[in-house]
There are 2 protein chains.
Amino acid sequence: MAPKVSEEYKRQKKAELLRAAKQVFIKKGYTNATMQDILEEAGVSRGALYAYFDNLEHVYIELLRHEDQQDILSFTPDDELTSWQQFTSWLDKQRMQIKQIDQSLLVANSEFFLSVKENKSGYPYITDRYQRLVEVFIAFVQAGAERGDLAPRFPADSIARFLISFIDGLMLDTAHLGQDNTDVDEQCDLLLFSLKEMLRPVAAEEKP
Amino acid sequence: MAPKVSEEYKRQKKAELLRAAKQVFIKKGYTNATMQDILEEAGVSRGALYAYFDNLEHVYIELLRHEDQQDILSFTPDDELTSWQQFTSWLDKQRMQIKQIDQSLLVANSEFFLSVKENKSGYPYITDRYQRLVEVFIAFVQAGAERGDLAPRFPADSIARFLISFIDGLMLDTAHLGQDNTDVDEQCDLLLFSLKEMLRPVAAEEKP
DNA sequence: AGTATAAACGACACGAGTGTCGATTTTCAA
DNA sequence: TTGAAAATCGACACTCGTGTCGTTTATACT
């Protein structure tokens with residue numbers, strides 16, 4: 001039963017197909033994308049694509065997994081920086097993501113999660129990603145609190161969810177309306193203001 | 001050229017079809033709904049439905065218009081109440097909407113706006129609704145400021161967009177994850193906290 | 001080189017939904 | 001009551017995408 005091509009080859013081929021799929025999903029979103037689109041974009045036959053993926057949903061799931069690796073979820077821990085500085089730099093990354101929404105999977109993601117909802121199967125990825133982000137943030141807040149960097153007024157998980165909801169909403173609205181209408185930078189400043197009130201970071205000057 | 005049924009009859013029939021459509025959209029969302037579903041739900045023939053609407057997109061647009069009338073956009077102006085009280089009562093309504101997300105069009109709306117985005121036609125409804133809500137909120141803040149009820153720290157339109165993005169995000173996340181995971185009440189409390197910091201309402205006790 | 005194996009191909013049958021259109025029924029007005 | 005207009009019906013032809021499967025091609029091992 002020895003395979004006729006190396007595992008490495010298959011791995012690469014799959015990655016190649018996923019790259020094509022990503023382009024398609026970025027361009028057409030999830031709901032309007034088809035297997036057809038993907039196999040054309042990849043320049044590959046029907047049979048080839050179906051040898052790797054059963055259907056569009058599976059392609060998307062695999063793509064999610066694949067992208068998850070280079071994910072932006074983590075607050076990069078860095079003892080050189082105050083908690084607040086770490087947070088602002090994380091938020092910067094998010095801001096950039098939203099600004100480049102046309103070149104990202106953010107819209108397709110929302111579409112996917114919304115339209116797949118009915119499917120009783122209920123992919124765990126959805127809740128998992130959310131939970132993971134909540135947990136990362138909780139850890140971040142706790143670390144900050146222990147360092148005396150933060151004096152949060154609310155439970156860390158509440159603040160985390162607040163943060164996520166706002167970012168998701170800003171993303172959604174920006175996808176609908178374009179950046180000119182939502183003004184991402186300004187909105188992120190307001191978010192910073194709110195989070196500052198919630199987390200009460202010790203000002204950098206007071207710290208050293 | 002007198003029509004064979006009254007205008008009133010046609011109006012009612014259309015409303016009836018829209019009622020059926022609404023049920024379908026609530027149950028299946030936008031992307032998974034079909035004209036077929038609607039005509040079955042309405043108990044009407046293919047030809048009848050197509051006599052009133054060209055296609056699914058048109059049905060949805062019409063439904064949006066129809067629903068817009070009994071819309072929740074407005075802050076009910078009431079001089080008996082402080083601005084802050086008016087705001088909390090508005091937020092209560094929003095909270096209820098999100099909690100009843102399974103019986104509302106919120107999810108279908110998101111789906112529609114996301115999946116229709118590509119269509120260069122660019123329905124004005126999307127931006128219009130957003131702008132209208134922003135304007136209503138701006139008026140509310142200005143009124144409050146003039147009454148000495150509010151002392152906002154930021155431009156009213158920024159705060160309005162912040163508010164909308166958060167609500168939209170909370171809605172989206174709740175649709176994805178269910179209320180147990182997002183805790184709508186708690187999140188609304190955090191929003192109240194943030195808005196309080198931004199708007200600096202004069203406390204009720206200080207006012208009379 | 002030769003050959004077994006499986007990767008890649010693409011024609012095909014199928015299903016689901018669409019929008020149309022001639023036939024049929026209903027309605028209103030005379 | 002009657003008949004013309006139009007509302008409703010539902011069969012039909014069409015489109016688009018799906019997933020399968022027998023065939024062809026490429027690979028790696030001997």
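Letters go in sequence order (proteins before strands), and every chain restarts at 1. Bear in mind the structure is a predicted one, so any value in this text is a computation, not a measurement.
Remark: B:D92 pairs with B:R95 by the side-chain hydrogen bond (donor to acceptor under 3.5 Å, both in side chains) rule, at least two apart or across chains. Under the side-chain hydrogen bond (donor to acceptor under 3.5 Å, both in side chains) criterion, B:S110 pairs with no residue at all, not counting sequence neighbours. For A:K196, there are no side-chain hydrogen bond (donor to acceptor under 3.5 Å, both in side chains) partners, not counting sequence neighbours.
In this structure, the CD atom of B:E8 is 16 Å from the C1' atom of C:dC28, given to the nearest Å. Rounded to an integer number of Å, the gap from CG of A:L39 to C1' of C:dA11 is 14 Å. In this structure, A:E16 places its CD atom 15 Å from P of C:dA7, rounding to the nearest Å. Look at NZ on A:K10: it is 15 Å from C1' on D:dA26, rounded to the nearest Å. Computed from coordinates, the B:E7 CD to D:dA6 P distance equals 11 Å when rounded to whole Å. Residue A:K13 contributes atom NZ, which lies 11 Å from atom C1' of C:dC9 at whole-angstrom precision. Per the geometry, CD belonging to A:E40 stands 10 Å off P belonging to D:dT18, to the nearest Å. A:Y9 has its OH atom 7 Å from the P atom of D:dT27, to the nearest Å.
The residue B:F53 sits apart from the nucleic acid: no heavy atom pair falls under 4.0 Å.
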Give each protein N/O atom lying under 3.5 Å from an N/O atom of nucleotides 14-20 of chain C, with the pair distance.
residue, atom, partner, partner atom, Å
C:dT18, OP1, B:M35, N, 3.0
C:dT18, OP2, B:Q36, N, 3.4
C:dG19, OP2, B:Y50, OH, 2.8
C:dG19, N7, B:R46, NE, 2.9
C:dG19, N7, B:R46, NH2, 3.2
C:dG19, O6, B:R46, NE, 2.7

Practice prompt. Go through B:F113 and B:Y30 one step at a time and tell me if the ring pair (Phe, Tyr, Trp, His ring centres under 6.0 Å) criterion holds.
Written response: CA-CA 9 Å; B:F113 292 146; B:Y30 177 72; 9.4 Å; no
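OP1 or OP2 of C:dC9 sits under 4.0 Å from a side-chain N or O of A:S45.
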Could you go through residues 166-175 of chain B and list every donor-acceptor pair under 3.5 Å that involves a side-chain atom there, pairing it with any protein atom two or more places apart or in another chain?
residue, atom, partner, partner atom, Å
B:D173, OD2, A:S165, OG, 3.3
B:T174, OG1, B:L170, O, 2.6
B:T174, OG1, B:T182, OG1, 3.0

Distance-only donor-acceptor hits, side chain of residues 38-53 of chain A, under 3.5 Å, sequence neighbours excluded:
residue, atom, partner, partner atom, Å
A:S45, OG, A:G47, N, 3.4
A:S45, OG, A:A48, N, 3.1
A:R46, NH1, A:Q36, OE1, 2.8

